[in-house]
Amino acid sequence: MKKVYVAMSADLIHHGHLNVIETARNLGEVIVGLHTDEVISEYWRNPFLDYEERKKIIENIKGVSKVIPQDTLDQVPNLLRERPDYVVHGDDWKEGLQKNLRDRVINTLAEWQGELIEIKYTEGVSISKLDNAISQLGTTPQVRMKKLRKLLSTKGYARIMEAHNGLTGLIVEKTKIEQNGKIKEFDGMWISSLCDSTAKGKPDIELVDLTSRLNTINDILEVTTKPIILDGDTGGKIEHFIYTVKTLERLGVSAIIIEDKVGLKKNSLFGTDVAQSQDSIAHFCEKIQAGKKARVTNDFMIIARIESLILNAGMEDAIDRAKAYIEAGADGIMIHSKHKDGSEILEFCSLYKGLDKKVPLVVVPTSYAHISERELKDAGASIIIYANHLIRSAYPAMMKTAKSILEHERALETNEYCMPIKEILTLIPGGK
Ligand code: SPV
Ligand code: MG
């Protein structure tokens with residue numbers, strides 16, 4: 001019996017997969033190299049089904065004798081191990097970024113006179129079309145809520161972007177680019193107190209109350225499926241916080257981040273230019289514990305934000321607080337800093353790495369924007385939040401338009417930097 005190797009992700013099984021497996025089984029015994037969750041998340045998106053679930057499905061397809069993990073896009077390591085007589089693949093990898101992977105397969109098979117069999121890519125199947133269709137179907141609160149934890153356990157980190165209304169929610173949900181063979185996108189939304197307040201024309205001082213924040217959250221929930229992290233400011237009074245936790249969990253928000261400040265909260269990026277006070281460790285731990293107790297499931301995350309560096313209370317205080325908050329049950333730690341060079345954040349990260357007990361670490365590279373995601377990840381951060389960039393880029397664009405109309409007393413000059421009417425009319429599907 002000849003050996004036939006087929007690599008696939010099989011996250012959304014369709015007849016294209018079955019066509020490939022059918023061809024393979026007509027050639028011999030079929031070994032499927034199934035992409036691991038890490039490979040799918042790195043090159044595409046978080047898988048809907050995890051490896052074990054996908055493995056169970058593929059193992060039960062007629063003709064498949066074995067499923068093995070394919071933990072890179074490159075098939076060569078598995079081919080060297082299995083030495084198949086044939087590799088079967090769709091013919092859609094002859095050009096573009098996968099061409100190199102194809103060449104490597106052909107050269108490796110040549111070492112033992114193996115052969116690459118390519119079948120015509122199944123017409124009418126488009127994974128991105130299926131992906132879109134699933135996203136259009138929407139999600140449930142439970143499924144959405146779990147996504148953040150799942151992302152952290154499979155991909156190891158989450159790239160989060162702020163959203164402050166339905167439209168920015170859609171931008172975070174849908175914006176994708178392809179770079180070096182990888183599909184890159186945001187993993188979820190940050191509902192920033194600064195941006196939510198600013199969009200409502202209000203200062204970021206916990207003035208926008210929970211009811212109003214819930215309206216924003218709901219607008220975003222309505223049109224997206226990605227996980228949401230809420231900026232919960234100080235979390236308010238402990239007696240109120242437990243209700244907030246229950247409300248957010250019921251809605252399917254994945255996490256709330258609360259900061260260890262008391263009194264009138266001002267935005268952290270003011271630093272010590274304004275009067276702000278830090279909570280005591282004991283009281284903030286009590287708040288974390290009360291929130292944890294109020295949760296109904298383990299999926300909802302309560303993340304404790306340390307303001308010691310913002311308030312110049314020192315690195316030692318920051319680390320002491322991290323230990324205490326983790327001990328109190330925090331599901332994550334956010335460390336904030338407004339130092340521009342980033343050395344403070346990296347120093348904290350390196351001390352944090354040394355802690356015995358750790359939870360996912362959240363960073364917000366607004367001031368130290370030159371530090372790349374890669375560097376932050378290497379330093380140990382697992383959630384990276386771009387906290388205010390959509391509203392900050394929208395505002396100057398809108399101001400420019402407003403001023404141009406005042407200057408020219410007509411709109412013609414704004415046309416070159418406004419999207420065409422046709423495009424705005426069809427931007428949101430279903431309007432026609
Ligand atoms: C927010 O986005 O509202 C935050 C982060 O809390 S920061 O503005 O940097 O304090
Ligand atoms: Mg805030």
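As the structure lists them, so they are numbered: ligands from 1, and atoms in each ligand from 1.
Counted within 6.0 Å of CD1 on I421, heavy atoms from surrounding residues, nucleotides or ligands total 12 or fewer; the atom is thus considered open.
In summary, S192 places no N/O/S atom under 2.8 Å from the Mg ion (ligand 2), failing the contact criterion. For the Mg ion (ligand 2), the N/O/S atoms of D231 include one lying under 2.8 Å.
With hydrogens and angles disregarded, no donor-acceptor distance shorter than 3.5 Å links the side chain of H408 to the backbone of R410. Checked by atom type and distance alone, the side chain of K202 never pairs as donor or acceptor with a backbone atom of S197 at under 3.5 Å.
The ring-ring contact (aromatic ring centres under 6.0 Å, His included) search around H283 returns none, not counting sequence neighbours.
Near ligand 1, residues W190, S192, S193, L194, D231, N267, S268, L269, R305, H336, A387 each place a heavy atom inside the 4.0 Å sphere around the ligand atoms.
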K261/Q278 under side-chain hydrogen bond (donor to acceptor under 3.5 Å, both in side chains): CA gap, chis, key distance, verdict: CA-CA 4 Å; K261 290 208 293 247; Q278 205 168 9; over 6 Å; no
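Nearest heavy-atom pair, A275 versus K266, reported as atom, atom and distance to 0.1 Å: O-CG, 4.2 Å.
Considering NZ of K66 and CD1 of I58, their distance stands at 16.0 Å, rounded to 0.5 Å.
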